[in-house]
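Written out below as structure tokens is the structure these notes cover.
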Amino acid sequence: MTMLTNTARTARCLLMAAAVAGGFATAARADEISVTQWGNSLYGAPYAVAIEDGAFKKAGVDVTGVIGSGGGGTSVRNTLASATPYGEVATSAALAAARQGLDVVIVNAATRTVAEASLVTLPDSKINSLKDLKGKKVAITNPKSSSEMILLLEMQKEGLAPGDIQRVAAGGYTQGLTMLKQGAVDAAVLIEPLSITRKDEFKTVVRAKDLLPAMTTSVGITTRAFAKSNPDKLRALIAGRRAGVKSIYADPKAAAALVAKQFNMDPALAEVAVANMIAPRMWSEGDFNPAELEALAQGLVLVGEITSTPDWDKMIDRSFLPADLQGK
């Protein structure tokens, strides 16, 4: 009887140890990735959907969390410092990292429009167009940021020279709105969903989607070392995100509910924000469009971030895309 009891206890201990070990193994397989402006912008919507509906797991990778950032170099640093160094960053940030000699390679296109961007002023302002801002001040987030690039492209489209409007660095979108309320500037740049939540407080002067073409505004990046050592995981991450994109276009309302859950966002607000990005096709499935890359490059030259069009073939590795997207 004692021998049987001891044996049972031993077996039970072994089972418990196996369960614990299995838990550690599961935790070890879980992955965190980095996405620029996570929760503050719709860049990350496909990842939110893919996490919530299990698309990542179906693709073969368990993404359990996302590391957010304010954009730019911070997003790149977060990506490279992660145990799973894959993330979505502004295309300009990826190019800047490569120029600094960092081990970065672009593996998928991500967002392809500036439709979420706008320029706002106070409701009682007499400013009703971009040309009305000639000789006045506009709050951008930071010098050489996407917000400044978009503003300069809009000005170029409207026949304004870069010096016609004074650009003031606010440090962020909400900070720019504060400056506008205080009278320090005459208008401020904004993005969704902030523009939706503040629609009763400000008047929209310009919507970027009315003036500017599609352009590759953000991309998926990793290190060449990670791509070489973990090609299957990288393909799974790209495939999972693609599934999230497809789900958004197939059923925007259902996708918005998943985005709201991940972003801790008002479901009604998320539904409007996602719906606004369907027509301009904000999210790419991952393939690269040469015209959209060139449009982005022209904007970066205008803002002084680069001096000429990058050699995209040196920066991009298409081999991790699904086979039907590699030739596009």
Side-chain angles (χ1 to χ4, degrees), residues 36-37 39-45 70-72 90 92 111 113-215 217-218 263 265-266 268-280 282 299 302-303:
T36 185
Q37 300 287 350
N40 296 320
S41 162
L42 292 177
Y43 288 115
S92 57
T111 52
T113 182
V114 292
E116 78 282 5
S118 60
L119 188 69
V120 301
T121 188
L122 296 175
D124 59 353
S125 171
K126 294 182 180 180
I127 294 169
N128 296 299
S129 71
L130 200 57
K131 291 182 178 179
D132 291 339
L133 284 165
K134 188 172 182 178
K136 300 185 183 300
K137 297 178 181 179
V138 171
I140 59 171
T141 57
N142 291 294
K144 297 186 178 182
S145 63
S146 295
S147 66
E148 184 179 33
M149 180 192 76
I150 291 168
L151 176 59
L152 285 172
L153 285 170
E154 290 168 340
M155 291 169 61
Q156 185 182 65
K157 188 75 173 180
E158 292 291 274
L160 295 171
D164 286 343
I165 295 175
Q166 184 179 343
R167 301 178 298 282
V168 182
Y173 292 103
T174 55
Q175 294 93 321
L177 295 180
T178 299
M179 294 180 70
L180 177 58
K181 286 182 176 180
Q182 293 175 344
V185 294
D186 302 285
V189 296
L190 204 55
I191 57 170
E192 290 193 12
L194 280 173
S195 56
I196 301 173
T197 59
R198 308 292 183 94
K199 65 180 181 179
D200 295 330
E201 299 178 54
F202 303 98
K203 177 176 68 176
T204 300
V205 178
V206 177
R207 290 182 175 85
K209 64 182 179 181
D210 296 334
L211 292 177
L212 303 181
M215 59 186 73
T217 47
S218 68
F263 285 10
M265 189 178 181
D266 182 308
L269 173 61
E271 187 173 334
V272 173
V274 170
N276 285 348
M277 295 300 109
I278 298 301
M282 178 177 187
L302 184 62
V303 83

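Along the sequence shown, residues carry numbers from 1.
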Of all residues at least two apart in sequence or in a different chain, which pass the side-chain hydrogen bond (donor to acceptor under 3.5 Å, both in side chains) check with Thr113? none

Please find the pair of heavy atoms, one from Ala170 and one from Met179, that lie closest to each other, and give the distance. CB-SD, 3.6 Å

I need the minimum non-hydrogen distance between Val205 and Leu130, along with the two atoms involved. CG1-N, 4.0 Å

Would Lys134 and Leu160 count as a side-chain contact (heavy atoms from CB on, under 4.5 Å) here? Give the steps. CA-CA 8 Å; Lys134 188 172 182 178; Leu160 295 171; 4.3 Å; yes

Kindly say whether Ser129 contributes a backbone atom to a donor-acceptor pair with the side chain of Asp132 at under 3.5 angstrom? yes

Do any N or O atoms from the side chain of Lys131 and from the backbone of Gly159 form a donor-acceptor pair under 3.5 angstrom? no

Please name all residues satisfying side-chain hydrogen bond (donor to acceptor under 3.5 Å, both in side chains) with Ser118, sequence neighbours left out, ordered by chain then number. none

Mark yes or no for whether Asp200, through its side chain, and Arg198, through its backbone, hold a donor-acceptor pair below 3.5 Å. no

Residue pairs meeting side-chain hydrogen bond (donor to acceptor under 3.5 Å, both in side chains), one or both in residues 157-177, sequence neighbours left out, come to Glu148-Arg167

Restricting to side-chain hydrogen bond (donor to acceptor under 3.5 Å, both in side chains), what partner residues turn up for Glu271, sequence neighbours left out? none

Among residues at least two apart in sequence or on other chains, which ones pass side-chain hydrogen bond (donor to acceptor under 3.5 Å, both in side chains) with Lys136? none

Side-chain ion pair, Glu116 and Lys209, N-O less than 4.0 Å: no

Looking at Leu180 and Ala187, what are the two nearest heavy atoms and their distance? CD1-N, 3.7 Å

At their closest point, which heavy atom of Ile140 faces which heavy atom of Ser147, and how far apart are they? CB-OG, 3.7 Å

Which atom of Ala139 lies closest to which atom of Gly176, heavy atoms considered: CB-CA, 3.9 Å

Within-4.5 Å side-chain heavy-atom neighbours: Met155 and Ile165: yes

How would you list, by chain and number, every residue that makes a side chain to side chain contact (heavy atoms under 4.5 Å, CB included) with Thr217, sequence neighbours excluded? Tyr43, Thr111, Val114, Met215

Sole residue of Ile127, Val206, Leu190, Ile150 in side chain to side chain contact (heavy atoms under 4.5 Å, CB included) with Leu119: Val206

To the nearest 0.5 Å, what is the distance between CG on Asn276 and CD1 on Ile196? 5.0 Å

